[in-house]
Number of protein chains: 2
Amino acid sequence: MAAVDLTSHPGHLARRLQQAHHLLWNTMVSEEITSSQFAVLNTLVAEPGLDQRTVGERVGLDRSTIAEVISRLGRRGLLDKVRDPRDGRRFLLRLTDDGVRTHRRLTVRTARMNQVFLAPLSAEEQAQLLGLIQRVADAAEGLRDPAEPLITR
Amino acid sequence: MAAVDLTSHPGHLARRLQQAHHLLWNTMVSEEITSSQFAVLNTLVAEPGLDQRTVGERVGLDRSTIAEVISRLGRRGLLDKVRDPRDGRRFLLRLTDDGVRTHRRLTVRTARMNQVFLAPLSAEEQAQLLGLIQRVADAAEGLRDPAEPLITR
DNA sequence: CGGGAACAGTCAGTGCGCTGACTATTCCCC
DNA sequence: GGGGAATAGTCAGCGCACTGACTGTTCCCG
């Protein structure tokens, strides 16, 4: 009977948090555009002409995943993809007018959704939560590269 | 130029948190058993003989997803699945010896991993983080059922 | 007792997310 | 200039996660 209390496991809570978010996103923001796709649109609004890899880096997706997300957005006509004439390996990405419009429309709804999502917390607690998550995530991402493995056998 | 700062978006942070966790899990706990699979094992250690749906409820997975997770665990011989003789709709689940052993082995590593994961925070902050996430997740889950839709058009 | 609602599980379809192996292009240094 | 390392992207394979439609079983009420 060595079972553990899952509510003390950050991984489990992180998954539940994301599920909760996904649920709210679907009902309050969009059923077509996902949260990740919105993040890509948002990045390209700020920095048009980025290449695929850099967009992935900005939103925190590896190159395989970002490729799929982008191809889906391309298929829907929300962005264009052209070979970089200066570097034949890269694709340069740019939103279409439709992409820009979609981004603008969703931005409003996203803000509203975030409000509802965080409503159970006071303004102070909201800031705390975001800050704490960020610190943990940043630290873990910093552990990616180091040569020495993490496994403490 | 209406781009938004993604670091203020809880959904984006939740995804990053989960990714970070996934990374640490893979390197410090197991590459074969995922965090969700462990949650299922853990639930069945505490309550052997549960049916599929209830397990899904305990760990926060819908019935489609839990079915796949369980079938994978079954294929690896970590649990057994038998029809409930008293209710032909249900499958009753029970860990095999191998399943129990696996759970025990991973429990230790999981604790170590959680420590590393939360290391950037003080003990107090760790408790805060877990509590805040839980409140937000609980509240959002409470919004599932209500008859009236959430869409504020 | 009989029939419809409720319920457990499955299946098909979509999308995210990762790793590891592969191709094509460019870069850099000898 | 030529060749090997680095880089951008693709592809195959695995696994999670959700919805919506479907099958089969049980439950409950008239």
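In what follows, chains carry the letters A, B, and so on, assigned in the order in which the sequence lines appear, proteins first and then strands, with residues in each chain numbered from 1. All figures in this text were calculated on a predicted structure; none of them were measured in a lab.
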Counting any heavy atom closer than 4.0 Å, what does [X] reach on the DNA or RNA strands: base, sugar-phosphate only, or nothing?
| X | value |
| --- | --- |
| A:R75 | nothing |
| A:T65 | base |
| A:D87 | sugar-phosphate |

> What are the residues of residues 53-61 of chain B, sorted by number, that bring a heavy atom to within less than 4.0 Å of DNA chain C?
Replying inline: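 Correct list: B:R53.
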
> Are OP1 or OP2 of C:dG17 and a side-chain N or O of B:R15 less than 4.0 angstrom apart?
Replying inline: yes

>> For a quick test of reading the model: is some side-chain N or O of B:Q19 closer than 4.0 Å to OP1 or OP2 of C:dC16?
In response: no

>> Under the criterion salt bridge (charged side-chain N to carboxylate O under 4.0 Å, His left out), I'd like the reasoning laid out for B:D87 against B:R89: C-alpha separation, chi angles, the key distance, then a yes or no.
In response: CA-CA 5 Å; B:D87 186 339; B:R89 291 169 298 183; 3.0 Å; yes

> Taking the side chain of A:R89 as heavy atoms from C-beta outward, which of D:dG24, C:dC16, D:dA6 is closest to it?
Replying inline: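 From the listed options, D:dA6 comes nearest.
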
Any protein N or O atoms within reach of nucleotides 20-23 of chain D? Criterion: under 3.5 Å, listing atom names and distances.
from	atom 1	to	atom 2	distance (Å)
D:dG20	O6	B:S64	OG	3.3

Side-chain donor-acceptor distances from residues 91-101 of chain A under 3.5 Å, at least two apart:
from	atom 1	to	atom 2	distance (Å)
A:T96	OG1	A:G77	O	2.7
A:T96	OG1	A:L78	O	3.3
A:T96	OG1	A:D98	N	3.4
A:T96	OG1	A:G99	N	3.0

> For B:R135 and A:E125, what are the C-alpha separation, side-chain angles and deciding distance, and is it a side chain to side chain contact (heavy atoms under 4.5 Å, CB included)?
Replying inline: CA-CA 11 Å; B:R135 278 168 60 197; A:E125 289 171 326; 3.0 Å; yes

>> Salt bridge check, B:E32 against B:R76: does any charged N sit closer than 4.0 Å to a carboxylate O?
In response: no

